[in-house]
Asks: 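Can you keep this structure in mind? I'll have questions shortly.
Residue numbers run from 1 in the order of the sequence given. Please read these numbers as outputs of a predicted model, since none were measured by experiment.
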Amino acid sequence: MRNPQLGIHVDPGTPPGRKAPEITTSPLMNGEKSKLWDQIGGQSSLASPMRREIGNRSMMRSFSADEIDLEDLKTSKDKDRPSGSLRLPKIQNHSLLSGLAYCIASCSMILVNKFVLSGYGFNAGISLMLYQNIVSVIIVSTLSLSGVIPTEPLTWKLIKVWLPVNIIFVGMLITSMFSLKYINVAMLTILKNVTNVLTASGETYFFKKQHDRQVWISLTLMIISAIAGGITDLSFHAVGYTWQTVNCILTASYSLTLRHVMDSAKEATRSGNLNELSMVLLNNVLSLPLGVILVLAFNEVEYLLETPLLRMPMFWLVITASGVLGLAISFTSMWFLRQTSATTYSLVGSLNKIPLSISGILLFKVHTSMQNSISILFGLLAGVFFARAKLRGNSQS
């Protein structure tokens, strides 16, 4: 479902289409697949899902846009883009349309996944991820074979380089599914901000990247909002918070690992480049055998054979739509970036969490308190402040 995407700093929306700007928090994931590009070689490390995550949710699908660090994203993309890369429509004065499409896709991905897991009560999150990835593989492969989009051939050399990244990617998507089942959407978007803190710290420690004072202040505010939100969460669930903590660690690891292996991955391709759609295909194809193994290991087969949900045509329609939405995050993200600037993209990704949180509370009738609502709003504003601080720091550097 996923599939990193642009340079993701995987932000949480992203759920876990799963695609990848620099992930700080992320479609998404798939995406997690927000989900979350949301960090690739010249494009930075993989940010919310949704942002957080193109190669991912499809990588971004569970991640949100702010999970994706877009520093130098557009410049790097234009510089590294091969002549045969996908040409998405660039219609004059249609930035609003592309931005709206991106917001709808990223929000819908998380809400649909939440509906499947909590509304329908579907207790096979790994199987859901596996099915979404199969949908993504079928669509991307069909478009590639028909010549509509360019993708790199999947060679053993490329697979060996990418396998460590993919293992983390699968773990990121699965933990996103598990946490989404127990945590309401609004709190999930706030907790995903912790990924930004881990990613920024990892960048400083491993890559000696310096962040300015405003970035660290915004990260501190994110931590405070996450702690305050957890304390005041009327629907607090220890299992869900545990899975989300693991998800934040894996999302940050995904972002940092992707940044580390990106150059080697490009060298392993025939063209010397690895575009977003190739990452979507690569991540989803490699996730299939691992997904099957995990379905068997977690004994989801028995549940699948007994649940009446699989005999409901409407249920199949909904989960298929979730797979399509995950991939739609990748396409709409690419389209939006070509219609506007990286600055606008990042800020829209952060602001997009506000209607997502409100929708999650209203649609799923979440019981909340004034204190918890203030904590959520505080965290959302901290995310916007973080995006502005990062972009300001990047422009100055």
Asks: Under 3.5 Å, side chain of Asn275 to main-chain N/O of Pro150, donor-acceptor pair present?
Replies: yes

Asks: Ignoring hydrogens and angles, state whether a donor on the side chain of Asp233 or Asn372 is under 3.5 Å from an acceptor on the partner side chain.
Replies: no

Asks: Are the side chains of Met312 and Tyr120 in contact, using a 4.5 Å heavy-atom criterion?
Replies: yes

Asks: Would you say the side chains of Ser357 and Lys353 form a donor-acceptor pair under 3.5 Å?
Replies: no

Asks: Is there a donor-acceptor pair under 3.5 Å between the side chain of Thr151 and the backbone N or O of Ser144?
Replies: no

Asks: Which residues satisfy the side-chain hydrogen bond (donor to acceptor under 3.5 Å, both in side chains) test with Ser98, sequence neighbours excluded?
Replies: none

Asks: Measuring from Met109:CE to Ser106:OG, what's the distance to the nearest 0.5 Å?
Replies: 11.0 Å

Asks: Check whether Lys266 reaches the backbone of Gly272 with its side chain - one donor and one acceptor, N or O, closer than 3.5 Å.
Replies: no

Asks: Give a yes-or-no answer on whether the side chains of Tyr131 and Thr320 include a donor-acceptor pair shorter than 3.5 Å.
Replies: yes

Asks: Strictly distance-based, threshold 3.5 Å: is any side-chain N or O of Asn166 a donor or acceptor partner for the main-chain N or O of Asn283?
Replies: yes

Asks: If hydrophobic clusters are built from ILVMFWY residues whose side chains come within less than 4.5 Å, do Ile376 and Met370 share one?
Replies: no

Asks: Could you see if Leu100 belongs to whatever hydrophobic cluster contains Val112? Use Ile, Leu, Val, Met, Phe, Trp, Tyr and a side-chain cutoff under 4.5 Å.
Replies: no

Asks: Between Gln210 and Thr204, do the side chains contain an N or O donor and an N or O acceptor separated by less than 3.5 Å?
Replies: no

Asks: What are the two closest heavy atoms between Arg270 and Pro153, and how far apart are they?
Replies: NH1-CG, 3.8 Å

Asks: Is Phe178 close to Thr242 at the side-chain level, that is, under 4.5 Å between some pair of heavy atoms?
Replies: no

Asks: Nearest 0.5 Å, please: how far is CD1 in Ile319 from OG in Ser127?
Replies: 9.5 Å

Asks: Is a side-chain donor or acceptor of Asn247 paired with a backbone partner of Trp243 at a separation under 3.5 angstrom?
Replies: no

Asks: Hydrophobic clusters here meaning ILVMFWY residues chained together by side-chain heavy-atom distances under 4.5 Å, can you tell me if Met177 and Ile134 are in one?
Replies: yes

Asks: Mark yes or no for whether Trp316, through its side chain, and Leu310, through its backbone, hold a donor-acceptor pair below 3.5 Å.
Replies: yes

Asks: To the nearest 0.5 Å, how far apart are CD1 in Ile104 and CD1 in Ile329?
Replies: 12.5 Å

Asks: Treating Ile, Leu, Val, Met, Phe, Trp and Tyr as nodes and any side-chain heavy-atom pair under 4.5 angstrom as an edge, say whether Leu145 and Leu277 lie in one connected cluster.
Replies: no

Asks: List the atom of Val161, the atom of Val261, and the distance in Å for their closest heavy-atom pair.
Replies: CG1-O, 4.2 Å

Asks: Could you measure the distance from the CG atom of Leu363 to the CG atom of Leu111? Nearest 0.5 Å is fine.
Replies: 6.0 Å

Asks: Side chains of Ser179 and Gln244: is there a donor and an acceptor less than 3.5 Å apart?
Replies: yes

Asks: Output all residues satisfying ring pair (Phe, Tyr, Trp, His ring centres under 6.0 Å) with Tyr303, sequence neighbours left out; order by chain, then residue number.
Replies: Phe122

Asks: Apart from Phe385 itself, what residues make up its hydrophobic cluster when side-chain heavy atoms of I, L, V, M, F, W and Y under 4.5 Å apart count as a link, directly or indirectly?
Replies: Ile217, Leu221, Ile224, Phe378

Asks: Nearest 0.5 Å, what's the OG-CG distance between Ser287 and Leu294?
Replies: 10.0 Å

Asks: Please work out which of the three classes, parallel, tilted or perpendicular, describes the rings of His211 and Trp216, given edges at 30° and 60°.
Replies: perpendicular

Asks: Between Asn184 and Lys114, do the side chains contain a donor N or O and an acceptor N or O under 3.5 Å apart?
Replies: no

Asks: Using only atom types and a distance under 3.5 Å, with no angle test, would you say the side chain of Ser218 pairs donor to acceptor with the backbone of Val215?
Replies: yes

Asks: With respect to Leu327, which candidate in Val135, Val137, Ile139 satisfies the side chain to side chain contact (heavy atoms under 4.5 Å, CB included) definition?
Replies: Ile139

Asks: Is Ile354 linked to Leu377 within one hydrophobic cluster, defined over Ile, Leu, Val, Met, Phe, Trp and Tyr using a side-chain heavy-atom separation of less than 4.5 Å?
Replies: no

Asks: Between Ser108 (side chain only) and Ala105 (backbone N and O only), is there a donor and an acceptor less than 3.5 Å apart?
Replies: no

Asks: State whether the side chain of Ser141 and the backbone N or O of Ile138 hold a donor-acceptor pair below 3.5 Å, judged by distance alone.
Replies: no

Asks: To the nearest 0.5 Å, tell me how far Leu380 CG sits from Leu351 CG.
Replies: 9.5 Å

Asks: Does Arg259 come within less than 4.0 Å of Glu203, counting only side-chain N to carboxylate O?
Replies: yes

